Number of protein chains: 2
Amino acid sequence: MDTAPPDRSPTLDDVAERAGVSRSVASRAINNVGNVSAPKRAAVQRAVRELGYIPNPSARALATNRIGAVVLAVATDQPGIFADAFFAQVIYGISVALEPTDFTLTLVLAGRPEGRAKLQQIVRSRRADGIMLMNLHGDDPLTKLAEQATVPVVYGGRPLRGEPRWYVDTDNRGGARLATEHLVEAGHRRIATITGPLSLEVAEARYRGFRDAMAVAELPAGRVEHADFSEAGGAAAMTRLLQAYPDLDAVFAASDNMAAGALRVLRAHGRAVPGDVGVVGFDDLQTAQHTDPQLTTVHQPVPALGAEMTRMLLSVLDGARPTPLILPTRLVVRGSTRTTDRR
Amino acid sequence: MDTAPPDRSPTLDDVAERAGVSRSVASRAINNVGNVSAPKRAAVQRAVRELGYIPNPSARALATNRIGAVVLAVATDQPGIFADAFFAQVIYGISVALEPTDFTLTLVLAGRPEGRAKLQQIVRSRRADGIMLMNLHGDDPLTKLAEQATVPVVYGGRPLRGEPRWYVDTDNRGGARLATEHLVEAGHRRIATITGPLSLEVAEARYRGFRDAMAVAELPAGRVEHADFSEAGGAAAMTRLLQAYPDLDAVFAASDNMAAGALRVLRAHGRAVPGDVGVVGFDDLQTAQHTDPQLTTVHQPVPALGAEMTRMLLSVLDGARPTPLILPTRLVVRGSTRTTDRR
DNA sequence: GGACGGACTGGAAGCGCTCCCAGTTTCAGG
DNA sequence: CCTGAAACTGGGAGCGCTTCCAGTCCGTCC
């Protein structure tokens, strides 16, 4: 018997020996780089199959300085951000885009200092070939880390200041504008908005889109409360809005969660939706379909966001120099807004 | 000037040279293994600091055959499973538990064949030191993979058949029992249930808990429809239930999403909740608070599930032999059930 | 004072792979 | 039949780290 010892997984040398070629030829055959004659290539492939050979990634990484991993870093310290499906959907998109490749996804929650340190460690020690960075707040120290990184960084959403070289974003401004225009068309005039935290570019952009539409419609855009994208925050903001502007007849909430909170408060105050007050959200997460009435909202392609970030990063790693990408949004009309002008 | 060339990150040799010791001593000092005198240890630490030395993980992995990564594999092919926050919460728990360690989290969606192949690749090539495996269906081929794996596998939830050596689960049966008992105590007698797919142990366990409680209360447990844990599936099942058992006065749905769907159908059929029909869900995800009325449900500690899986895996990697862990559930009473017996 | 044991040390051998480069073979063209 | 270029091959030098082990140094005890 000359079967390989079963307690050790086969190495490239084993493959080479079995195929009757040198290690270099085996390596070249396996990696599909040139200069291997057809018969030897076939012999190597056969040996690989017979031995069940799998290259050792550590050894390969050591030799090539390429790891075969990308990291998704989410810059948040609040568990709440993981309370809805947004990031799950992003991750899903990334995973699908990564499937046909040999890359692996590493996940880092870079909110709290420990997580940041970890990300820094990963980046500095080259445990990943590239970074996807999401949810940066205005003055986030991660921006610096990203700038100094020796591996490419693709942003998901833009940071508040500066324009990174590579990013994928959603058309937040356009979407917010769409939502507001929809309310205007339905005959609403005293439209309020609940924004997200303005230290987030996405919140800022949606607020700007709201003001764009209001300006075009020549309506006052002063009915504003700020919240934190959460249901509770939305509810609190709605309460404040009702107190400050009891005459409001519509609300554009910059997230579905906040819209859900607003809906709850409106019902508690006896305001009918959409009869008395129209409500539009943003995101089109599952939540939007669970509210009563179901939420008219702006759909953004969340898995596509993850997938496109991944594709962009991979193309950069591949030497390409892609341009930033803005994904489209669209309005999904459900039950929380009237579709016809009643006045 | 004899500063290190800036284009190359410092290696262990650089550290050793600067500290005036040999590479071996430097290595031992850095890894805190014995036989290094105090002054040399201090010298090494100083050199590490001054040079900003970070060990190269690939080289270390190659030499030690330990990678410093664990993988979370989610055995699903439906994007829907990522539509709610469940897995996001698990991931959050894992990340937090991993933070104080040097381990990194790799995520694999092992639903579709490509993903499975990838997981297999990762396991066989030792790209990870251990696996956390979730959401196994009854006859999932991954079970085999897990059995053959040379690295430890911790299950999140039990597989339908067999009892793995290491797992963390939620007390699904007890929770379902709690939920059903609650309905019984509120005076309901014609209680139906909407189960999850019974190829999932979790669905099976919750169904069993329901029957447990019904048996104790000496009530018939035949009002049953099966669904897929989703909102739409829950709605469809509710429709079927109403048709088959128009007299039902309560529903235990095995997930919040299905309960939300049930709620929607009940309202459409003019059944008041909780007046005419009491509804209890399971999970206590965010959804449960967004429905109208808010959902009485069984709370399960999802981040803790992730965290405990992680801790268990790490302890196994550390040589310990922990026993399986069942996390407690508790009933959260909200608006979808009456709290007092009205009859 | 010499021998012995324990604490340290550092040279060197890998871990498994890639890739440079020198050498060999092949073959077309003159 | 010879020459030179092109195609292919395989030896070997790393990549940066851990760890075995033989050796050195020291203090101590008889």
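The figures that follow rest on heavy atoms only: side chains count, while hydrogens, waters and symmetry mates do not. Below, chain A is the first sequence line, B the second, and so on; all start at residue 1. Note that the structure is a prediction, hence the values are computed from the model and not measured.
What separates CG of A:D13 from P of C:dG14 is a distance of 13 Å, to the nearest Å. Here the P atom of nucleotide C:dC19 and the CG atom of A:N65 are 11 Å apart, to the nearest Å. Residue A:R41 contributes atom CZ, which lies 14 Å from atom P of D:dG10 at whole-angstrom precision. Per the geometry, CG belonging to B:N32 stands 14 Å off P belonging to C:dC8, to the nearest Å. Counting to the nearest Å, the P atom of C:dC17 and the CD1 atom of A:I54 are 11 Å from each other. If you take CG of A:N56 and P of C:dG14, they are 17 Å apart, rounded to a whole angstrom. The interatomic distance linking A:R126 (CZ) with D:dC15 (P) rounds to 16 Å, in whole Å. Rounded to whole angstrom, the span from the CZ atom of A:R60 across to the P atom of D:dC17 amounts to 21 Å.
Applying the salt bridge (charged side-chain N to carboxylate O under 4.0 Å, His left out) test to residues at least two apart or on different chains, none of the pairs has a partner in residues 24-42 of chain B. Applying the salt bridge (charged side-chain N to carboxylate O under 4.0 Å, His left out) definition to pairs two or more places apart or across chains, those involving residues 44-59 of chain A are A:R18-A:E50, A:R46-A:E50. Within the structure, salt bridge (charged side-chain N to carboxylate O under 4.0 Å, His left out) contacts touching residues 144-154 of chain A (residues at least two apart or in different chains) do not occur. A side chain to side chain donor-acceptor pair (under 3.5 Å) check over residues 113-124 of chain A, counting only residues at least two apart or in different chains, returns the pairs A:R116-A:D140.
Put simply, A:T11 has no side-chain N or O that comes within less than 4.0 Å of OP1 or OP2 on C:dG16. A close approach under 4.0 Å does occur between a side-chain nitrogen or oxygen of B:K40 and OP1 or OP2 of C:dT9.
Comparing the helix axis at one end of the helix from C:dG1-D:dC30 to C:dG30-D:dC1 with that at the other, each defined from 5 consecutive pairs, gives an inter-axis angle of 50° (nearest 10°).
Legend: residues meeting side chain to side chain contact (heavy atoms under 4.5 Å, CB included) with A:S95, ordered by chain and number and at least two apart, are A:I91, A:L105, B:L109.
Judged by distance alone, with hydrogens and angles left aside, the side-chain atoms of A:D129 form no donor-acceptor pair with the main-chain N or O of A:V70 at under 3.5 Å.
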For residues 152-159 of chain A, which side-chain donor-acceptor pairs fall under 3.5 Å, sequence neighbours excluded?
unit_1	atom_1	unit_2	atom_2	d
A:R158	NE	A:D169	OD2	3.1
A:R158	NH2	A:D169	OD2	3.2

For a quick test of your reading: what N or O donor-acceptor pairs under 3.5 Å do the side chains of residues 309-326 of chain B make, sequence neighbours left out?
unit_1	atom_1	unit_2	atom_2	d
B:T310	OG1	B:G306	O	2.7
B:S315	OG	B:M312	O	2.9

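Picking from D:dG16, D:dT18, C:dC17 the nucleotide with the shortest atom distance to the side chain of B:L62 gives D:dG16.
Judged by distance alone, the side chains of B:R60 and B:N65 never bring a donor and an acceptor atom under 3.5 Å apart.
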Kindly give the atom pairs (protein nitrogen or oxygen, nucleotide nitrogen or oxygen) under 3.5 Å for nucleotides 19-21 of chain D.
unit_1	atom_1	unit_2	atom_2	d
D:dT19	O4	B:S24	OG	3.3

